[in-house]
Amino acid sequence: MAREIDGASKDFHTDTLAVRAGQRRGPEGEHAEPIYLTSSYVFDSAADAAARFSGEQEGNVYSRYTNPTVRVFEERIAALEGAPAAVATSSGMAAILSTCMALLQAGDHVVCSRSVFGSTTVLFNKFIAKFGVDTSFVSPVDLDQWREAIRTNTALLFLESPSNPLCEVADITALSQLAREQGALLVVDNCFCTPALQRPLGLGADIVVHSATKYLDGQGRCVGGAVVGAEEHMQEVLGFLRSAGPTMSAFNAWVFLKGLETLRLRMLAHSANALELANWLQSRPEVEQVFYAGLEEHPGYQLACAQQSAFGGVLSFRVKGAREQAWRFIDGTRFLSLTANLGDAKTTIVHPATTTHGRLSDAERAASGVTQNLIRIAAGLEHVDDLKADLEHGFAAL
Ligand SMILES: *Cc1c(COP(=O)(O)O)cnc(C)c1O
């Protein structure tokens with residue numbers, strides 16, 4: 001239909017793609033994208049049904065396979081990441097699981113950053129391992145560790161950058177080189193930056209996975225995910241999803257579409273608030289250390305400047321003292337949301353050692369730097385002066 005844009009076109013800036021890519025208007029001329037809340041689709045004739053089922057004729061059959069609202073979301077996130085294709089999933093973890101199930105086989109080996117989302121570690125260690133795929137964990141910032149961990153059967157490298165909660169920055173370009181030399185795929189969880197701030201495929205990564213639950217939605221409403229990459233890989237992932245079922249619902253896809261329209265504006269605002277809080281926290285005598293890649297002292301600063309356009313919304317800091325001081329600080333704040341979620345308009349605060357990283361062994365926790373006096377903040381979109389005022393209550397409670 002006229003007056004729609006081609007998401008694969010290089011003629012548009014990402015801000016425009018975020019608002020318009022993927023939309024195809026129906027005969028009603030609706031302005032916003034419609035929600036197709038239907039589990040299945042009807043055919044004009046028995047012959048049409050046969051053609052649709054055999055794949056001879058393109059079109060929808062069943063919403064576990066395809067759904068028009070979900071398709072718009074897939075085309076839009078692919079356009080934003082600069083990828084040929086994307087597949088939407090029921091959660092971020094379903095995106096990671098589907099990638100593994102589609103692209104790994106028994107006897108393969110994975111090298112994974114040790115600073116990844118807790119459930120990702122559990123997925124590799126406890127479940128993917130059951131199918132004969134071993135995973136080695138390495139420091140995301142130590143290229144020698146990655147190089148040494150790679151074996152002849154390494155099929156996949158997996159990382160998050162910046163990491164949670166210490167904002168370690170992995171060198172995506174260098175790691176994509178290592179992956180290519182080995183003939184392995186580099187998979188990047190781009191949840192913390194989103195394509196508004198970082199486009200890993202442009203740096204050489206093969207596949208990007210997302211938890212749409214976080215910044216793509218941005219307002220804490222829905223759980224969802226996406227896998228983004230080359231057509232051949234996405235066909236494999238789609239094949240797994242269609243058979244196994246962790247696909248995205250049409251309603252959630254619509255919520256994420258609305259989220260994407262404001263993605264860049266929100267990411268810049270989250271980043272500005274986080275940077276100001278990081279600088280402010282650093283000036284406080286009660287604080288031992290602040291972790292945020294936007295601080296010049298942070299070891300990942302130069303790399304973050306090179307591969308990101310802003311530093312994102314998540315920062316963490318160690319208060320002087322132990323767990324008692326960290327808990328007192330958190331309990332002292334009055335309106336910050338005490339929750340492990342992030343990527344929300346509402347600022348969140350959490351004690352990683354006893355929540356998000358509570359299931360790790362003491363050794364694993366120590367290796368990832370998650371000490372008992374560490375507090376993580378995911379800066380939201382409130383006025384930064386009000387955030388500082390609430391954090392002052394935390395300091396007063398120490
Ligand atoms: C939350 C999160 C996930 C998992 O996403 P869900 O949507 O909760 O399944 C994966 N990676 C990162 C970095 C996350 O923050």
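We count ligands from 1, going down the list as the structure has it; atoms in each ligand are counted the same way. No experiment lies behind these values; they were computed from the predicted model shown.
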Identify the closest protein heavy atom to atom 14 (C) of ligand 1: which residue and atom is it, and at what distance? K214 NZ, 2.9 Å
What residue and heavy atom of the protein are closest to atom 11 (N) of ligand 1, and at what distance? D189 OD2, 2.6 Å
Those residues at least two apart in sequence (or on a different chain) that pass side chain to side chain contact (heavy atoms under 4.5 Å, CB included) with T347 are L336, I377, E382, L387
Nearest protein heavy-atom contact for atom 5 (O) of ligand 1: which residue, which atom, what distance? S211 OG, 2.9 Å
Around atom 6 (P) of ligand 1, find the nearest protein heavy atom and jot down its residue, atom name and distance. G92 N, 3.3 Å
With I150, which residues qualify under side chain to side chain contact (heavy atoms under 4.5 Å, CB included), at least two apart? V111, T154, L157, L178, Q182
For atom 7 (O) of ligand 1, tell me which residue out of T213, T89, T120 has the closest non-hydrogen atom. T213
Taking only heavy atoms of G224 into account, list the atoms of ligand 1 that are under 4.0 Å away from them. 7 (O)
List ligand 1 atoms under 4.0 Å from F192, heavy atoms only on the residue side. 13 (C), 15 (O)
Cation-pi check, R284 to F395: give yes when NZ or CZ is under 6.0 Å from the six-membered ring centre and within 45° of the ring axis, no otherwise. yes
Give the numbers and elements of all ligand 1 atoms closer than 4.0 Å to a heavy atom of E160. 13 (C)
Quick one: look up the protein heavy atom nearest atom 9 (O) of ligand 1 and list residue, atom name and how far away it is. M93 N, 2.9 Å
Hydrophobic clusters here meaning ILVMFWY residues chained together by side-chain heavy-atom distances under 4.5 Å, can you tell me if Y215 and V208 are in one? yes
Please state which protein non-hydrogen atom is closest to atom 4 (C) of ligand 1 and give its distance, to 0.1 Å? F117 CE2, 3.4 Å
